[in-house]
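Report on one structure; see the data block that follows.
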Amino acid sequence: MPRIIPTVMTVFLVLFVPSVTFAALLAVPVEGMRGLGTTKEIHDGEQVVFKETSFVWSLEAVLATAEGPAERQIMYREARPTKDGLELSGAETDGLSFQESFRNLGPDLIKRTVTVTAKTDTRYYLNLGWRPTVEGDFYSFTGKEALPVKYSPGCSGPEFGGGNLQTFPFLGCLAGDRLYGVIGDTPGQWGNLSFMEFDPEIRELSLCNGDGSPRRVISIPRDVDATSVYRAHFDGWQHIEAGETQTWTTWIFSSPARSLYDVQLAAHLALANAKGFNQSGLEAILRNTSYLLLRRNLLRPESDYIFISGVGYGWKQWVSDGFWMSRGLDDPVFDAASQAAVFYERLDYEDNAQYYLIWAALVKRAGGDLDMRTVDRAYRFMRAHEVDGLFVPPRLKPDLACFKTYHDQLPYDDDDAPSSNQGFHCGALFAARELGYPVTDEEIQKAKDGYARMFNAEGGYMATSLKQQEHIGQDALYGEVLTYAVFGEKLLPDEMVKKHIETTMRLQTPYGMRVISKANGDLLDGHSGVYVFGGSWFLNDGCAYLDGLIHGMDSGWIDEKLLWRLEKELAVMPAFHESISTVDGHPHGHHLYSWNSGFWWLRREVRARLGMTGADPLATALDEKLGVVRRDGLLFLEPEKGVLRPAE
């Protein structure tokens, strides 16, 4: 963060209280410089590993004043040990009072909470970072940071002109084979204000919940969205009103680590342990992805929270991605809020109306409040585009034949029915009936029959659409998997699904299924094997295997194939991508990509529907590959046991 000359320094008497030693990583109160009060350090046993960032080693607060940004050093009058950590209190400056708590969640994981209460309306931000006192290289989630650099997980989209992209608000120092790290809360809990700075020259890791930038209008450029307006006034300050209390959470952790892959995985496990996403490494990675892509809905009025698809896309939510991330996070509060964020201009293309109706049924089951005006419009739109039981999506843009499915750059004739949409259409009919619409058994059966028409019996595969029978569509089955997970209904005959998977096993690439290919598995003419042009998308691949499980294929064989595909996905980093190349396996697009989060939830729900109990053998097998172990209710990294790592 920029250095700001302090104009006021708050002075307090020192009351030093010894901490209770019960964990390897500890927050320890220490007397501040110049007798100003009590501050704290992070110790690993007897070794100091982190000091705070200000020039007097204290918490930094930056206030908006008439003279400009002014830095304050926050120290405390009282330090009180607790059974699981440390509490600090008795600090005031400029109408703000501060408290801090440090709670040990495990031997190498500390939850830090800073509480700010205002006597007057104030704009401010905090530097919640640290200065490592151990020697070692600095790391962000994406790599070693040898030079000074800034990132913003919160403010990197097109409304800010783009920028250096980091999804995970993680900063670390790898000292030999020991990682010491700091993790910020999701930007969605910080008003989307999350800023990181790595400065190896002065040995500082800054993590701020603001940047002090002035008020201005921000908007997503018109040419980035086909129909909608995303616009708001915005500044880089936290705003607190008189009498209001705000809390800010970060986590401090340590872990063994030998490589960048270990660093990334250790950060995942720390956040997952902190949030309770920790039955397995698979759950950790996927639920973390949802949590880290949560944002405040600052550019639209419909609700308070959305899920963004990736940090480069900006503060907007697509229906399908929002749905899958909400499934992955599995939190009813954020589920209802992100569902409420959907407006009609996001519904009238692709299979978004179908997703929305299924989502509405789930929110209603959980006791959430629905906007029935939008639900009704979605239902009527969907029914208006049914032809003989099939959903035939209209064009989004009059001059383009694409934007008909999630894989939005693939073209379809105006009278064609993509197979990708039909499973969701069947599920949406079940949802509509549950929501009170007059959907008959005969109408649902007609939709099932239409879905089955996508099968190319001669070739033994699900075609990409009714008219493109010469092309295999590996996005054909995930709508059925969702319908089964939510409503317990199979849509296609067992033998049809089994035959498709058998054909796929003969034709798929060494890196996974091509989302679209010729009948012999080759790329379409002009396709690259990347992205929608024949790339492999994990959620599509994963659901194809889950559908085999639903239709009675051997669970051991299915898990073996899923583990193989997971190894391809996680070969470069412990993160799921938009897609991977079916030519050479390299990841394409955003890391920690949105919709894959839903796989964790789908897997859980499908297994429950099938009566499968106990630990998930797929997750257990992947943990062995990753070098992840679970004990005492927490996940730990044992790098020496990990075999799933990039080739040197």
Side-chain angles (χ1 to χ4, degrees), residues 351 354 386-392 405-407 412 416-430 441-508 512-521 536-537 539-562 565 602-603 605-607 609-610:
D351 44 15
Q354 285 85 351
E386 283 180 321
V387 178
D388 194 23
L390 294 169
F391 176 70
V392 180
T405 74
Y406 185 90
H407 301 292
Y412 297 90
D416 197 6
S419 61
S420 177
N421 300 343
Q422 305 313 316
F424 296 106
H425 186 62
C426 295
L429 291 173
F430 283 110
D441 288 342
E442 290 75 17
E443 288 173 314
I444 291 175
Q445 187 58 52
K446 192 172 185 178
K448 289 182 178 180
D449 293 343
Y451 189 13
R453 289 166 63 194
M454 302 294 142
F455 187 69
N456 183 314
E458 182 179 352
Y461 57 79
M462 294 295 287
T464 197
S465 73
L466 188 64
K467 295 180 68 176
Q468 295 185 39
Q469 287 290 305
E470 73 280 14
H471 297 154
I472 302 176
Q474 297 295 358
D475 56 351
L477 298 179
Y478 69 137
E480 182 182 27
V481 176
L482 176 61
T483 299
Y484 183 79
V486 178
F487 303 104
E489 293 279 349
K490 293 196 290 187
L491 305 175
L492 297 170
D494 290 346
E495 292 308 313
M496 186 178 291
V497 172
K498 291 178 181 178
K499 185 62 177 178
H500 173 83
I501 293 174
E502 291 169 4
T503 301
T504 297
M505 292 302 97
R506 295 197 308 271
L507 301 178
Q508 76 168 335
M513 306 174 193
R514 286 181 166 141
V515 69
I516 187 171
S517 71
K518 295 180 179 179
N520 65 357
S536 181
W537 296 67
L539 185 61
N540 293 143
D541 288 23
C543 283
Y545 291 121
L546 286 181
D547 213 26
L549 191 64
I550 291 166
H551 286 278
M553 298 184 77
D554 179 72
S555 61
W557 183 85
I558 291 292
D559 288 355
E560 176 188 325
K561 298 304 179 183
L562 275 168
R565 181 59 180 82
L602 281 174
R603 172 80 177 178
E605 296 301 304
V606 166
R607 293 186 77 243
R609 291 276 186 189
L610 294 172

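Since the model is a prediction, treat every value here as computed from it, not as a measurement.
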Taking the side chain as C-beta and beyond, is there a heavy-atom pair between [X] and [Y] under 4.5 Å?
X: I444; Y: F430; result: yes
X: Q474; Y: T504; result: yes
X: M505; Y: E502; result: no
X: C543; Y: L477; result: no

Nearest heavy-atom neighbours spanning [X] and [Y]:
X: P418; Y: F391; value: CD-O, 4.5 Å
X: V497; Y: G548; value: CG1-N, 4.2 Å
X: M454; Y: S465; value: SD-C, 3.8 Å
X: L429; Y: A447; value: CD1-CB, 3.6 Å
X: L602; Y: L482; value: CD2-CA, 4.0 Å
X: S536; Y: R565; value: OG-NH2, 3.0 Å

Say whether, by atom type as modelled, one donor and one acceptor occur between the side chain of [X] and the main chain of [Y] under 3.5 angstrom.
X: R609; Y: V486; answer: yes
X: T464; Y: H471; answer: no
X: E480; Y: L491; answer: yes
X: N456; Y: Q469; answer: yes
X: S420; Y: Y406; answer: no
X: D416; Y: K467; answer: yes
X: R514; Y: G521; answer: yes
X: T483; Y: E489; answer: no

Evaluate salt bridge (Lys or Arg N to Asp or Glu O under 4.0 Å) for R603 paired with D559, printing each intermediate quantity in order.
CA-CA 11 Å; R603 172 80 177 178; D559 288 355; 2.9 Å; yes
Working to the nearest 0.5 angstrom, can you tell me the gap between [X] [atom1] and [Y] [atom2]?
X: D449; Y: C426; atom1: CG; atom2: SG; answer: 9.0 Å
X: S419; Y: I516; atom1: OG; atom2: CD1; answer: 9.0 Å
X: L546; Y: Y484; atom1: CG; atom2: OH; answer: 11.0 Å
X: T405; Y: D475; atom1: OG1; atom2: CG; answer: 5.5 Å
X: I501; Y: H551; atom1: CD1; atom2: NE2; answer: 8.0 Å

Measure up the Y545 and W557 rings against each other and bin them: parallel (under 30°), tilted (30 to 60°), perpendicular (over 60°).
perpendicular
Whether over 12 other heavy atoms sit under 6.0 Å from K499 NZ:
no
I would like to know whether V392 and L466 meet side-chain contact (heavy atoms from CB on, under 4.5 Å); could you show each step before the answer?
CA-CA 10 Å; V392 180; L466 188 64; over 6 Å; no
Quick test of your reading of the model: are D554 and K561 salt-bridged, counting only N-O distances below 4.0 Å?
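No.
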Any Lys/Arg nitrogen of K446 or E386 sitting under 4.0 Å from an Asp/Glu carboxylate oxygen of the other?
no
Using only heavy-atom distances, determine whether the side chains of D547 and H500 contain a donor-acceptor pair under 3.5 Å.
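Result is no, nothing qualifies.
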Start with the C-alpha gap between L390 and Q422, add the side-chain angles, then the distance that decides, and say whether side-chain contact (heavy atoms from CB on, under 4.5 Å) holds.
CA-CA 7 Å; L390 294 169; Q422 305 313 316; 3.7 Å; yes
Evaluate the criterion side-chain contact (heavy atoms from CB on, under 4.5 Å) for residue pair L492 and M462; output intermediate values, then yes/no.
CA-CA 11 Å; L492 297 170; M462 294 295 287; 4.1 Å; yes
Kindly determine whether N540 and H407 satisfy side-chain contact (heavy atoms from CB on, under 4.5 Å), including the steps that lead there.
CA-CA 11 Å; N540 293 143; H407 301 292; 2.7 Å; yes
